[in-house]
Each structure stands twice: as structure tokens, then as C-alpha cells.
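Keep in mind that what you see is a predicted model, and the values were worked out from it rather than measured. Note that ligands are numbered from 1 as they come in the structure, with each ligand's atoms numbered from 1 the same way.
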Amino acid sequence: MKIEQPKALRGRVELPGDKSISHRAALFLAISKGEARIDNFAESEDCGSTLRVLRELGASIESRDSGVFVKGKGKTGLLKPAAALDCGNSGTTVRLLSGILAGHPFESTLTGDESLQKRPMKRIIEPLTSMGAKISANEQRLPLKISGTPDLRSIEHRLAVASAQVKSCILLAGLNAAGKTFVKSPSAKSKEPSSRDHTERMLRFLGADINESFEAVPEGFVHKVSIDGGSQLIARDINVPGDISAAAFFMVAAAGLENSVVEMKNVGLNPTRAAVVDVLKQFGADISISGRNETGGETRGDIVVRGNSGFAVNAVSNIIKGDVIANLIDEIPILAVFATRLPGGLEFRDAAELRVKESDRIAAVVENLRRMNADVEEFPDGFRVGRSDLKGARVDSFGDHRIAMAFAVAALFAEGATEISDSACAAVSFPGFFDQLSKIST
Ligand code: S3P
């Protein structure tokens with residue numbers, strides 16, 4: 001994909017449905033009682049992987065009348081698949097599904113593409129094994145062979161990293177465990193969930209007996225979520241908001257190009273996901289939100305972003321670290337691009353998890369920004385990006401959708417053309433990304 005700087009961006013962007021919420025809607029309805037409809041389900045490759053593997057597990061899923069209809073099989077009603085389940089590029093599919101399959105009395109194998117095969121699975125293998133599932137893996141990585149049982153033991157598990165995928169995996173296994181299963185997050189300074197909480201909200205919406213509390217510890221608070229193994233999920237229609245992580249690319253693009261006005265409707269604004277908006281506003285981006293409302297436990301609203309002619313010297317610290325990192329983990333690559341526009345740049349720390357995403361996102365961002373003439377310093381747990389005049393260059397997506405899209409935005413700020421190799425991987429989360437970008441480029 002070759003991209004040159006436009007004059008401005010003007011118009012409305014149609015966002016895909018939220019990826020995290022779409023995965024959960026399909027997975028949770030497949031193990032509910034009854035039938036329900038999902039509206040605005042993400043048409044991304046990742047969410048397609050979830051639908052594909054659920055069908056291979058016997059779930060009845062139909063796409064019609066612009067909705068996705070799922071007939072639930074109940075908590076232990078999925079069927080032994082005929083072959084290995086290919087989760088493609090999707091970490092959310094493999095980790096959440098493992099929690100569900102741990103409670104099913106058959107053996108199944110989960111695998112995925114080259115990137116997913118490199119990602120760490122010990123974080124789910126250990127707790128699921130202590131709950132009574134039998135799991136074999138290739139040095140703690142895919143393929144995972146899971147032999148489940150509906151008679152799991154409940155556990156109290158303390159997460160080593162603030163991961164919503166791991167938290168969700170254990171809560172889903174907890175649906176088939178005797179008594180209450182507890183998941184404790186790493187300590188945080190404030191009484192907020194330490195990672196995205198779509199699972200808690202949706203399981204509650206579907207009728208699960210799920211509780212959240214905070215335990216005071218010397219460093220602050222530990223978020224504690226419990227699920228009762230006696231819970232049943234009852235199917236209800238789910239309306240998926242637009243994906244704020246997809247919106248983030250256009251927020252930065254529009255904010256950074258003078259005379260731009262970009263509008264996005266029905267964007268998910270769950271507080272555990274919306275930190276990107278706060279950061280952009282803190283550093284001077286002109287973002288307004290209207291029409292806030294809540295459906296199915298998830299807040300949403302309409303966003304308008306106006307381009308700045310330049311950003312003032314930061315009034316706040318330009319180091320982003322600590323608890324907020326988990327709430328903007330997927331937006332760090334695009335915020336690194338934003339940093340090139342800021343007089344004081346930005347530094348990200350406590351973000352070592354970025355090294356085990358769809359690519360090593362620290363290495364990928366540093367490499368591509370350097371190719372584009374940016375001032376960058378790499379750390380084991382993050383990077384510092386200084387104010388930089390970007391120059392068009394050949395950059396690499398490293399097969400990672402968010403890197404492809406972040407550098408499409410970097411290209412908009414650069415002098416001269418930028419070429420992104422393997423840009424098609426954007427379809428993993430946002431199939432229409434490049435079309436939407438060219439539609440609003442003037
Ligand atoms: C996700 C959680 C995050 C995020 C990923 C989606 C989810 O991963 O990076 O893109 O839907 O739960 P971790 O939970 O591993 O941090």
C-alpha cells in the first residue's frame with residue numbers, strides 16, 4: 001500500500017463492530033440457553049475465526065438480515081470437533097475458548113497462524129490445569145491439546161499480568177467449576193478494573209452470578225472478580241458498539257492534520273478502553289463526544305475530531321506508564337505516531353506486554369519510526385518518541401494489523417510517499433480501513 005499526505009481528512013468513518021465484544025458475544029451466546037441475535041458483529045478476520053471454530057464445535061450460527069444469529073448449546077453442550085481448531089491470528093479466540101473447552105468432556109486441539117503459535121499460553125495452561133483440565137502444549141505454546149471435564153475445581157487465581165484474555169479464560173472455566181472461582185488482578189492505584197471488563201459486563205447481562213470487589217493492599221487495590229459455577233447463561237440480543245481501538249487510528253489522523261473534521265458514530269466508550277481519548281485530549285487533541293448512552297452494559301457515543309494546526313508544549317508529564325497502560329495497550333502503536341507531532345514527544349513504560357502481541361510491537365514501532373526519520377529510543381518495556389518530521393519510507397507491517405494501520409497514519413504526516421508491505425493484514429480487525437481512509441482524504 002502506497003500512501004501520500006492528503007490536504008485534510010473530512011467526512012464520516014464507518015467503524016467495524018468492537019472486536020473484543022464481538023468475540024465475546026459469539027462465544028458466550030454459543031454456551032447460553034436459547035437463541036439471540038448479534039447486531040453490528042465485527043466482520044474482521046479475527047471474529048470470523050471465532051465463528052468458524054464455534055461452528056466446528058457444533059454451534060448453530062447464521063448470518064442473515066444483517067445480524068448474526070446464535071443458537072446456544074448450554075454450558076457443556078459443544079461437540080467434539082472433527083479436526084484441530086484453527087484460531088488464525090486471534091489470541092482472544094484461543095484464550096477464551098480454552099476456558100470454555102476446559103469444561104467440556106472431550107479432547108480438542110487449538111492451533112493458529114505463525115504469529116499465534118509464538119504467543120505465550122502458560123498464563124492460561126497453569127490455571128486451567130489447576131482447575132482439573134488436562135492440557136498438553138508445545139513448550140507452553142500452540143498447538144494446545146485440551147481434555148476438559150464439566151467437574152472442574154474452583155480456584156482463586158492471581159494474575160501475573162493485567163490481561164483481560166486470561167481473566168476471561170478463567171471466569172469461563174469457572175462456569176463449570178464447583179462453587180465460586182475468583183480472579184484477582186495485579187494491584188492498581190485506584191479502584192478500577194485493571195484490564196478491559198467486557199466479559200464481566202456481558203456475563204452479568206446474560207444472567208451469570210458474577211461479582212466484583214476491591215481488596216485494599218499496601219500498593220493500592222486488587223480487583224477481584226468471582227463467578228459462581230451454578231450460573232446459567234440465558235441468551236439475549238447483543239448490540240455491539242463501534243470499535244474504539246479502530247477509531248483511534250482516525251482520531252490521531254484527524255487530530256494531526258490541520259483542517260480535518262472526522263465523525264464516528266456509536267463508538268464504544270467503556271472506561272476500561274477509552275483511555276486513548278483522555279490521553280489525546282490531555283495533549284491538546286480537539287475531540288468532542290455527544291449522545292452518550294448505554295446498551296447491554298456497554299457505554300457508547302458519537303465522536304467528532306477536528307484537526308489541530310499544532311500542539312502546544314505539554315502541560316502534563318509526557319511519560320505514560322503504570323495502571324493506564326492496560327487500558328490503552330492496543331492503542332500504543334498509534335499513540336507512538338501521535339507522539340511525533342507533540343513538542344515534548346511521549347514516552348511509554350511498563351508496556352513489556354507489547355512484545356508478545358500479534359508482533360513484537362515495541363520492536364516494530366521503533367524500526368518503522370526510525371525508517372521514517374523519527375527520533376526514537378527503545379526500552380525493554382517501551383519506547384520514547386520525540387517530536388519528529390517524518391519522511392516517507394518503506395515500512396513493514398510485520399504481519400500485524402495494528403502496525404499496518406498505525407503506519408498508514410504515520411504516512412499521512414510524512415513528507416513524500418510511504419509504502420507499507422503486507423498492509424492487507426489490517427483486515428484482521430478492520431477490513432475496510434484503507435477504503436475508509438481514502439474516502440475521507442481530500
Ligand atoms: C483483548 C485483550 C488484550 C488486547 C487484545 C484483546 C480482549 O489482550 O491486547 O487485543 O479482547 O480481551 P490481553 O488480555 O492479553 O492483554
Checklist outcome for this item: Among Q165, E358, E331, K357, the residue with a heavy atom nearest to atom 1 (C) of ligand 1 is Q165

Checklist outcome for this item: Contacts satisfying ring pair (Phe, Tyr, Trp, His ring centres under 6.0 Å) that involve residues 96-138 (not counting sequence neighbours) are H104-F106

Starting from [atom], which protein heavy atom do you reach first, and at what distance in Å?
| atom | result |
| --- | --- |
| atom 15 (O) of ligand 1 | S163 OG, 3.2 Å |
| atom 4 (C) of ligand 1 | D330 OD2, 3.3 Å |
| atom 11 (O) of ligand 1 | S20 OG, 2.7 Å |

Next on the checklist: Looking at V13, is its backbone amide N or carbonyl O close enough to the side chain of K439 to form a donor-acceptor pair, meaning the two atoms are under 3.5 Å apart?
Outcome noted: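 Flag not set: sc K439 to bb V13 has no pair under 3.5 Å.
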
Checklist entry - Going by an N to O cut-off under 4.0 Å, is there a salt bridge joining R158 and E215? => result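 Judged by the 4.0 Å cut-off on N to carboxylate O distance, R158 and E215 do not form a salt bridge.
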
Checklist entry - Mind checking whether A164 has an N or O less than 3.5 Å away from an N or O of ligand 1? => result yes

Checklist entry - Which atoms of ligand 1 have any heavy atom of T92 under 4.0 Å away? => result 1 (C), 6 (C), 7 (C), 11 (O)

Checklist outcome for this item: I329 heavy atoms within 4.0 Å reach ligand 1 at atoms 9 (O)

Checklist entry - If you measure from CZ on F433 to OG on S44, what distance do you get to the nearest 0.5 Å? => result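 Result: 14.5 Å between the selected atoms.
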
Next on the checklist: Please evaluate residues F41 and F69 with respect to the criterion ring pair (Phe, Tyr, Trp, His ring centres under 6.0 Å), reporting the C-alpha separation (whole Å), side-chain torsions for both, the decisive distance (0.1 Å), and the verdict.
Outcome noted: CA-CA 10 Å; F41 187 84; F69 292 79; over 10 Å; no

Item to check | Contact partition for R196 relative to ligand 1, non-hydrogen atoms under 4.0 Å | outcome: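 The side chain, only.
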
Item to check | Heavy-atom gap R24 to ligand 1 smaller than 4.0 Å | outcome: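 Heavy atoms of R24 do come under 4.0 Å of ligand 1.
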
Checklist entry - Are F182 and H157 an aromatic pair by the rule of ring centers under 6.0 Å? => result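 Here the rings of H157 and F182 have centres that are no less than 6.0 Å from each other.
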
